[in-house]
2 protein chains.
Amino acid sequence: MGNIYDVRTYEPSQSIGYLMTRVKVEMLAALDRELAADPHLSALGVTAAQFIVLVRLVGTANRKSATDLCKELSYDAGAMTRMIDRLEKKGLVRRMRCVKDRRLIYLEATDEGRAAYPRMLEMSVAVQNRFLRGLEQKDAQKLKDYLTRMLHNAG
Amino acid sequence: MGNIYDVRTYEPSQSIGYLMTRVKVEMLAALDRELAADPHLSALGVTAAQFIVLVRLVGTANRKSATDLCKELSYDAGAMTRMIDRLEKKGLVRRMRCVKDRRLIYLEATDEGRAAYPRMLEMSVAVQNRFLRGLEQKDAQKLKDYLTRMLHNAG
DNA sequence: TTACAATGTCGGCCTAGGCAGATATATCTG
DNA sequence: CAGATATATCTGCCTAGGCCGACATTGTAA
């Protein structure tokens, strides 16, 4: 019923899974290079992975816990603890225990984290625009649609 | 000149970069689960990352070195050394020093590695078909085309 | 031939994610 | 109230990739 691939003709090196992995790696690497090249941000030593977490903290009004971030980003809880350790050590994020539910720890971007945000966002946009060069708006919309459907199929 | 995103309207959580990262993670995780669920392959303890490397060794006739694989998969050389260590420890891969150029080490899948290959390929195809469910062949072709163009833009 | 550059592999150190178990707190149930 | 259950975080152990420097080998130029 409408399978895309067949074992007998499948070419791993040209599969969508392979291509997607490659694109993702290249995009992250490009963002890392941009971050490292920026005089101000390179001093902070922010990586692409850290940036993605930071965006979620700065870009929304309401307070968030580590678990909230894990759900949004389908991230492992243990990995998140360590990620926040690194961000806290760099002074970009603060931990604040919730007094009403002492299991919870709210996360907040510091002033430094907030200050670095606009420049980071610029870079993210620039990198993605570069990768999407040559595509029309409707192509980008289609690509986004395909990805959304795949994510939905993941269950 | 035809940029897809603008900093003022950019929504990180709906960007193509974010979606692609999510899909890639979910696809790898799904493959890992399939591998772990298979009675025979789970005994070998093969992961998705190891599978991707193994495919390259079994799926081609000519001998390959670690550097060859690194170029094909845009992989780090140090990471590849350790990856091969793990594959070798599991008895799936053999190292063979080249006598003509003693810097080179040729890699070869063992009989066990070769034997596991067809089942692995099946799983890879099944997972990708599942993620692409609902897409027509021409949609898959378009998606592949977009990804290829993005990879090309990476430079 | 000798000095230098290039290549291939390896190891150390870092960031990074997944999984399982431990701990503390909160909530539900009898 | 007491005991079980659920939730949030943390820690240890694993795989995993990137970067850099060490080392051996090979190729090249003086």
Side-chain angles (χ1 to χ4, degrees), chain A residues 21-22 24-33 35-37 42 44-54 63-90 92-93 95-107, chain B residues 21-22 24-33 35-37 42 44-54 63-90 92-93 95-107:
Chain A
T21 301
R22 287 286 308 274
K24 186 252 177 186
V25 166
E26 294 293 338
M27 213 152 41
L28 258 289
L31 185 52
D32 263 328
R33 277 195 300 273
L35 286 166
S42 68
L44 291 174
V46 188
T47 67
Q50 292 168 17
F51 163 70
I52 287 165
V53 173
L54 205 53
R63 291 180 301 184
K64 280 180 181 170
S65 68
T67 303
D68 294 334
L69 287 179
C70 286
K71 279 174 190 157
E72 285 178 33
L73 300 167
S74 33
Y75 222 79
D76 177 74
M80 184 58 81
T81 294
R82 291 182 291 264
M83 173 62 80
I84 294 164
D85 287 344
R86 286 187 290 269
L87 287 170
E88 202 175 30
K89 195 151 66 173
K90 287 176 183 166
L92 298 168
V93 155
R95 276 177 164 103
M96 293 194 317
R97 190 121 239 162
C98 173
V99 285
K100 301 195 71 172
D101 184 342
R102 291 188 49 75
R103 291 171 302 182
L104 269 168
I105 295 185
Y106 284 125
L107 303 173
Chain B
T21 301
R22 287 286 307 274
K24 186 252 177 185
V25 167
E26 295 293 337
M27 214 152 39
L28 259 288
L31 185 51
D32 263 328
R33 277 194 300 272
L35 287 165
S42 69
L44 292 174
V46 188
T47 66
Q50 289 168 19
F51 162 69
I52 288 165
V53 172
L54 205 53
R63 289 181 300 183
K64 280 181 181 171
S65 68
T67 302
D68 293 335
L69 286 179
C70 286
K71 280 174 190 158
E72 284 180 31
L73 300 168
S74 33
Y75 223 79
D76 176 75
M80 184 58 81
T81 294
R82 292 181 291 263
M83 172 61 80
I84 293 164
D85 287 344
R86 287 187 290 268
L87 286 170
E88 201 175 31
K89 195 151 65 175
K90 286 174 183 166
L92 299 168
V93 156
R95 277 177 164 102
M96 293 193 318
R97 189 121 241 162
C98 174
V99 285
K100 302 195 71 174
D101 183 343
R102 291 188 47 76
R103 291 170 304 182
L104 268 169
I105 294 185
Y106 284 125
L107 302 173

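No experiment lies behind these values; they were computed from the predicted model shown. Here is how names work: the chains are called A, B, and so on, in the same order as the sequence lines, proteins then strands, and each is numbered from 1. We use all heavy atoms of the structure for the numbers below, so side chains are in, but hydrogens, waters and symmetry mates are not.
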### Query
Do B:D85 and B:R95 touch side chain to side chain, with heavy atoms closer than 4.5 Å?
yes
### B:M83 CE to D:dG17 C1', straight-line distance once rounded to whole Å
9 Å
### Task
Mind calculating the distance between NZ (B:K100) and C1' (D:dT26) to the nearest angstrom?
14 Å
### Query
Pick the nucleotide of DNA chain C nearest each of A:Y75 and A:D101; which residue has the one closer to the 5' end?
A:Y75
### Task
Could you check which of D:dA8, C:dT9, C:dA16 has an atom nearest any side-chain atom of A:L104?
D:dA8
#### Entry: Test item: A:K24 and B:T21 side chains (from C-beta on) under 4.5 Å apart, heavy atoms
yes
### Task
Identify whether any heavy atom of B:M80 sits under 4.0 Å from a base atom; if not, whether one sits that close to sugar-phosphate; answer base, sugar-phosphate or nothing.
nothing
### Summary
Closest to the 5' end of DNA chain D, once A:R33 and B:K90 are matched to their nearest nucleotides, is B:K90
### Task
Figure out the CG/P separation between A:L107 and D:dT9, and round it to whole Å.
7 Å
### Selection from C:dT9, C:dA26, D:dG17 that lies nearest to any side-chain heavy atom of B:D76
D:dG17
#### Entry: Rounded distance (nearest 0.5 Å) linking atom OH of B:Y106 with atom CG of B:D68
8.0 Å
### Task
Measure from the side-chain heavy atoms of A:T81 and tell me the nearest of C:dC19, D:dA8, D:dT9.
D:dT9
### Message
Nearest to the B:I105 side chain among C:dT7, C:dT9, D:dG18, which nucleotide is it?
### Response
C:dT9
### Short side-chain to backbone donor-acceptor contact, A:K64 and A:L69, under 3.5 Å
no
### Query
So, is B:R102 close to the D:dC23 phosphate, meaning a side-chain N or O under 4.0 Å from OP1 or OP2?
no
### Query
Could a donor-acceptor pair under 3.5 angstrom be found where the side chain of B:R103 meets the base of C:dT9?
no
#### Entry: C:dT7 OP1/OP2 closer than 4.0 Å to side-chain N/O of B:T67
no
### Task
For A:Y106 and C:dT25, give me the distance from atom OH to atom P, rounded to whole Å.
17 Å
### Query
Between D:dA8 atom C1' and A:K71 atom NZ, what is the distance in whole Å?
10 Å
### Message
With a cut-off of less than 4.0 Å, is there a side-chain N or O of B:R86 near OP1 or OP2 of D:dA16?
### Response
yes
### Message
Under 4.0 Å from OP1 or OP2 of C:dG18: is there any side-chain N or O of A:R82 that close?
### Response
no
### Task
Please state how far atom CD1 in B:I52 lies from atom C1' in D:dT15, giving the value in whole angstrom units.
13 Å
## Note on the structure
In whole angstroms, the gap separating C1' of D:dA8 from CG of A:D68 amounts to 11 Å
### Query
D:dG18 P sits how many Å from A:Q50 CD, rounded?
16 Å
### Query
Looking at side-chain heavy atoms only, is the closest gap between A:M83 and A:L87 below 4.5 Å?
yes
